[in-house]
Amino acid sequence: MFQARLRSKNWLPIFVSLLVGGVALALLYGGVLLAVAGGTLFYCFAGLLLGGCAVFIWRGNRLAFWMFGVLILAASIWVLTESGLDLWAMLPRLAFFDALGLLLLLPAVRRRIANGPQWGRVHTGILALLIVSLPLAGLVFGSMSVTGEGGGSVSANADPRAYDDWTHYGGSAAGQRYTGLDQIDAQNADRLQVAWSYSFGDAEKQNLQVAPLKIGNLLYACNSTNVLVALNAASGVEVWRHDPKTEIPAFRACRSISYYQNDSIEGACRARILAATIDARMIAVDALTGKLCTDFGANGQISLLEGLGNVQRGYYWVNGGPTIARDKVVIGSNVIDNQKWGEPSGVVRAFDAVTGALAW
């Protein structure tokens, strides 16, 4: 039967059916693992629908189009429920389904699938519209705003002059890495002079790579062993200093830290500095005093090694600042790979910015 189909030049529908079937098996397998771990059931559902779609493509039955239309509609509803019109959240959920849908809409495939319920140009147009409309809507709405901490939003196209602080690693929640402040320009840059300087006072200076934050009249920075300081932005005078006493591995660096403010918090740590350390901890200190935030984890810190199994010292650490999004602290990791079998895998996690509890 397979050879007969090839002789009749039906190779493209055969290829598409085998591809869709392979994707269905992968989705079903991964979906079951995800469901067992407590995740969404959507990928199990999608795997079953795609499996049926592959069978109908192989048999040349138009039910393949109807079944794929149901899948795209279900995926669209799921994406809207999960993330709304957020382009970057849509893409990983819809892009692959959209690519498969475009294969089904190829004229050569549609001509070879001739049996079963009628499928006309109107139906093709509706399916094509479903495939492209949601990502386009996400592109339009997603470009209008960028979500910042606390569920607020900052216009991605806003005039940076309105923000004379540098509150994130990328400058703002929009990540523009740009400021509109124009007191210094190409005409006067050569006349700049040192206003002040600051030294962490390390006996061994190594890998000072930090991108400081500037909030209000304070400048926040860290050195390669995660010592945190707040400096008066105008004079450079040290306002506070916090040393987390890290265990120092062979490689060390602190490239950024993060700032979080929640006005619903009463007392200390309404504004806090969050930093991940080279010995795999996350610490939170009051932005005004440098004292540990006792409501965060265990007396101001959490271990990032929990749930990773047996991790050899120096094989897992973090040297970049976390991302703050919707009252969550999102952090990745740095892993020494290609060293031995059984080394820890990388992991992305989110913690509650106030309590330090694992969110996902």
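Since the model is a prediction, treat every value here as computed from it, not as a measurement. Just so you know, residue 1 is the first one in the sequence shown, and it goes up from there.
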Backbone N/O of [Y] and side chain of [X]: donor-acceptor pair under 3.5 Å:
X	Y	value
S224	A253	no
R191	Q187	yes
N262	S264	yes
R272	C269	yes
R281	A275	no
S256	A211	no
D352	T355	yes
W240	A287	yes
D165	G216	yes
N232	G236	no

### Task
Could you check if a side-chain atom of L218 sits within less than 4.5 angstrom of a side-chain atom of L231, using non-hydrogen atoms only?
no
### Query
Would you call L304 and V318 a side-chain contact if the rule is heavy atoms closer than 4.5 Å?
yes
Taking a hydrophobic cluster as the set of Ile, Leu, Val, Met, Phe, Trp and Tyr residues connected by side-chain heavy atoms closer than 4.5 Å, whether directly or through intermediates, do [X] and [Y] fall within one such cluster?
X	Y	result
Y259	V330	no
V32	L50	no
W58	L48	no
L33	L25	no
V347	I331	yes

### Message
With a sphere of 6.0 Å drawn around CD1 of I184, does it hold more than 12 non-hydrogen atoms of other residues, nucleotides or ligands?
### Response
no
### Query
Counting heavy atoms not belonging to Y198, are there more than 12 under 6.0 Å from its OH?
yes
### Query
Any chance the side chains of T277 and D279 put a donor and an acceptor closer than 3.5 Å?
yes
### Message
Testing the 3.5 Å rule here: is there a donor-acceptor pair between the side chains of Q261 and D263?
### Response
yes
### Task
Could you name each residue pair satisfying salt bridge (Lys or Arg N to Asp or Glu O under 4.0 Å) that touches residues 13-41, not counting sequence neighbours?
none
Of the non-hydrogen atoms in [X] and [Y], which two are nearest, and what is the gap between them?
X	Y	answer
V227	F200	O-CE2, 3.7 Å
C53	A64	SG-O, 3.4 Å
I257	A221	CD1-N, 3.9 Å
R270	I265	NE-O, 2.9 Å
V329	P322	CG1-CB, 3.3 Å
F45	A74	CE2-CB, 3.7 Å

### Task
For I215 and W166, run side chain to side chain contact (heavy atoms under 4.5 Å, CB included): C-alpha distance rounded to whole Å, both residues' side-chain angles, the deciding distance at 0.1 Å, then the answer.
CA-CA 6 Å; I215 295 99; W166 196 269; over 6 Å; no
From [X] atom [atom1] to [Y] atom [atom2], the distance as rounded to the nearest 0.5 Å:
X	Y	atom1	atom2	result
L292	Q301	CG	CD	7.0 Å
T294	F296	OG1	CZ	12.0 Å
L27	L71	CG	CG	8.5 Å
S258	M282	OG	CE	8.0 Å
Y260	L274	OH	CG	9.0 Å
F56	N61	CZ	CG	5.5 Å

### Task
Given side chain to side chain contact (heavy atoms under 4.5 Å, CB included), test L213 with Y169 step by step and report yes or no.
CA-CA 7 Å; L213 304 181; Y169 176 75; 5.6 Å; no
#### Entry: I278 vs N226, side chain to side chain contact (heavy atoms under 4.5 Å, CB included): CA-CA, chis, key distance, verdict
CA-CA 7 Å; I278 52 178; N226 299 118; 3.2 Å; yes
### Message
Let's go through L228 and I283 carefully: what are the C-alpha distance in whole Å and the side-chain angles of both, what is the deciding distance for side chain to side chain contact (heavy atoms under 4.5 Å, CB included) to 0.1 Å, and is it a yes or a no?
### Response
CA-CA 10 Å; L228 301 173; I283 61 175; 3.9 Å; yes
### Query
Looking at D286 and K291, does any basic side-chain N land under 4.0 Å from a carboxylate oxygen?
no
### Message
Checking W78 against Y43 for the ring pair (Phe, Tyr, Trp, His ring centres under 6.0 Å) test, could you report, in this order, the C-alpha distance in whole Å, the side-chain angles of both residues, the deciding distance, and whether it holds?
### Response
CA-CA 11 Å; W78 175 61; Y43 291 105; 5.4 Å; yes
